[in-house]
> 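Got a structure for you, questions after.
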Amino acid sequence: MKFVKKTTALILAFLMLSVCLPFTFAFEEKNIDDCTPESNTEFAVKAAEIIKNEDDADAMLRIMGRYGKKPSDDAFSLARECVISDDGRFVLQFSDENDLLTCLDELNNNPDIIYAERDMPVCTEGVEKTARHLSWGIEAIEADAYSQSITPSSGDSVTVAIVDSGCEDIDFIKDKLTEGYDFFENDNDAFQDVSIDSHGTFLASIITDCVGNLPVKIMPVRILDSESGSLINAINGIIYAVDNGADVINISFVANFKSCSSLEYAVDYAEENGVTVVACAGNNISDVKDFCPAHSENA
């Protein structure tokens, strides 16, 4: 009888251990210190990998945010994956909607969290296609004449990052293009434009047309696939451009929100580092107060 009791106790102990171990290992994998990359660029790349590996791209089961004081590990315990930057920004990936909503509510009630928001799609507004090259707008506002009046004597170039759908190396702009980044393929080849209206290439062409003989370089940062992309990639694209030599950043995408702390942080980060951010406010004569980050003082 004693042998049976000991054997039963041993089996129960083994079963309890086998149940507990997977949870222990799973939790250790999400240890905050293990999720922290060494640079903003590494953070952006790891976040892009999380987005790329999501089972359902339309679900966008992600939270982005920033903390002031490092929270305990269990603050992120419902997340399937996480990545955290040195300045406290984080991206969390979830397996289902309920876990996301529960965690979002807990984070927004956590005094250590500065902000926590759900990821959302960003998209371009339509561009009318034409078979002709039209420059009448450049002449109408005398952009070409102005560009000649401010041409620097030193010959130093200005790098304009286009955080959009990539830029094809067409003849009109190929001499202006410089290395950027593709957040869909996670490589530095952003010289393709898969949007339905070649939106990023269109923007690069406008900039090239406006500057005349000014020494300008175009840095394509691809964060849009076809018509849309993730706000997280857009934010990281802005910060990537700042950290990799952009002097000006153009963001001509829109999203269905009037404010976003994460996006405003990226614009503020650019301004603090001496980079000018140019933001769109839609194509419908709309008030900029209704478009984030166009409403921001630093855009």
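One-based numbering along the sequence shown. What's counted below: heavy atoms across the whole structure, side chains too, no hydrogens, waters or symmetry copies. Quantities reported herein were computed from a predicted structural model and do not represent experimental measurements.
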> Would you say Glu81's side chain and Leu92's backbone share a donor-acceptor pair under 3.5 angstrom?
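No; zero donor-acceptor contacts below 3.5 Å.
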> For a 4.5 angstrom cut-off between non-hydrogen side-chain atoms, does Ser296 reach Leu263?
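Of all side-chain heavy-atom pairs linking Leu263 with Ser296, none is under 4.5 Å.
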> To the nearest 0.5 Å, how far apart are CG in Asn236 and CG in Asp243?
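Reported to 0.5 Å precision, the distance equals 10.5 Å.
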> Testing the basics here: between Leu231 and Cys260, what is the closest heavy-atom pair and its distance to 0.1 Å?
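Shortest heavy-atom separation between Leu231 and Cys260 comes out as CD2-SG, 3.6 Å.
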> For Val248 and Val158: C-alpha separation, side-chain torsions, deciding distance, then whether side-chain contact (heavy atoms from CB on, under 4.5 Å) applies.
CA-CA 8 Å; Val248 180; Val158 174; 4.3 Å; yes
> Can any side-chain N or O of Asp247 pair as donor or acceptor with the backbone N or O of Thr159 at less than 3.5 Å?
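At least one qualifying donor-acceptor pair exists.
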> Within this structure, what is the CZ-SG distance for the pair Phe94 and Cys103, rounded to the nearest 0.5 Å?
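One finds 3.5 Å between CZ of Phe94 and SG of Cys103.
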> Indicate the atoms forming the closest heavy-atom contact of Ile170 with Ser205, along with that distance.
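The answer is CD1-OG, 4.0 Å.
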> So, does Arg66 use its side chain to make a donor-acceptor pair with the main chain of Phe90 at under 3.5 Å?
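No; judged by distance alone, with no hydrogens or angles, the pair does not exist.
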> Rounded to the nearest 0.5 Å, what separates atom CG in Leu100 from atom CG in Asp105?
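Interatomic distance, Leu100 CG to Asp105 CG, rounded to 0.5 Å: 11.0 Å.
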> Are side-chain heavy atoms of Ile50 and Val83 found at a separation under 4.5 Å?
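Heavy-atom side-chain distance check passes, below 4.5 Å.
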> How close do Ala75 and Asn110 get, counting heavy atoms only, and between which atoms?
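Looking at all heavy atoms of both residues, the closest pair is CB-ND2, 4.4 Å.
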> How close do Gly200 and Cys167 get, counting heavy atoms only, and between which atoms?
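Smallest heavy-atom distance, with atoms named: O-SG, 3.6 Å.
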> Check for a donor-acceptor pair, side chain of Asp182 on one end and backbone N or O of Ala190 on the other, with a separation under 3.5 Å.
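No.
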> How many angstroms lie between CD1 in Ile232 and CD1 in Ile223, if you round to the nearest 0.5 Å?
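It is 12.0 Å, given to the nearest 0.5 Å.
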> Go through the side-chain N and O atoms of Ser198 and Asp193 and say whether any donor and acceptor fall under 3.5 Å apart.
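Distance-only check fails for Ser198 and Asp193.
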> Taking all heavy atoms of Arg222 and all of Glu185, pick out the closest pair and write down the distance.
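Closest approach of Arg222 to Glu185: NH1-CG, 4.2 Å.
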> Does the pair Arg62 and Glu54 meet the rule for a salt bridge (charged side-chain N to carboxylate O under 4.0 Å, His left out), with working shown?
CA-CA 9 Å; Arg62 292 181 292 274; Glu54 186 178 35; 2.7 Å; yes
> Has Glu117 got a side-chain atom pairing as donor or acceptor with Ser261's backbone, closer than 3.5 angstrom?
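It does hold such a pair.
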> Measure the acute angle between the ring planes of Tyr240 and Phe183, then classify it against the limits of 30° and 60° as parallel, tilted or perpendicular.
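Rings of Tyr240 and Phe183: perpendicular, over 60°.
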> Using atom types as modelled and distance alone, determine if a side-chain donor or acceptor of His295 lies under 3.5 Å from a backbone N or O of Phe291.
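Yes.
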> Working to the nearest 0.5 Å, report the span between OG of Ser230 and CD1 of Ile235.
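If we round to the nearest 0.5 Å, Ser230:OG and Ile235:CD1 are 8.0 Å apart.
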> OG/Ser165 to CG/Leu203 distance, rounded to the nearest 0.5 angstrom?
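Rounded to the nearest 0.5 Å, the OG-CG separation comes out at 7.5 Å.
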> Take a 6.0 Å sphere around CD of Glu97 and say whether it holds more than 12 heavy atoms from other residues, nucleotides or ligands.
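Atom CD in Glu97 is packed in, count exceeds 12.
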> Quick check: is Phe191 connected to Phe184 through a chain of hydrophobic side chains (ILVMFWY, heavy atoms under 4.5 Å apart)?
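No; tracing contacts between hydrophobic side chains, which count when under 4.5 Å, never links both residues.
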> Do Ile162 and Val194 belong to the same hydrophobic cluster, where Ile, Leu, Val, Met, Phe, Trp and Tyr are linked whenever their side-chain heavy atoms lie under 4.5 Å apart, directly or via other members?
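No, it is not one cluster - the side chains of Ile162 and Val194 are not joined through contacts under 4.5 Å.
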> Which heavy-atom pair separates Ala270 from Val277 by the least distance, and what is that distance?
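Heavy atoms only, the tightest pair is CB-CG2, 3.5 Å.
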> Taking the side chain from Asn273 and the backbone from Val275, do they hold a donor-acceptor pair closer than 3.5 Å?
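Not a single qualifying donor-acceptor pair exists.
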> Measuring only between side-chain heavy atoms, which start at C-beta, is Arg89 closer than 4.5 Å to Tyr265?
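They are in contact (side-chain heavy atoms under 4.5 Å apart), so the answer is yes.
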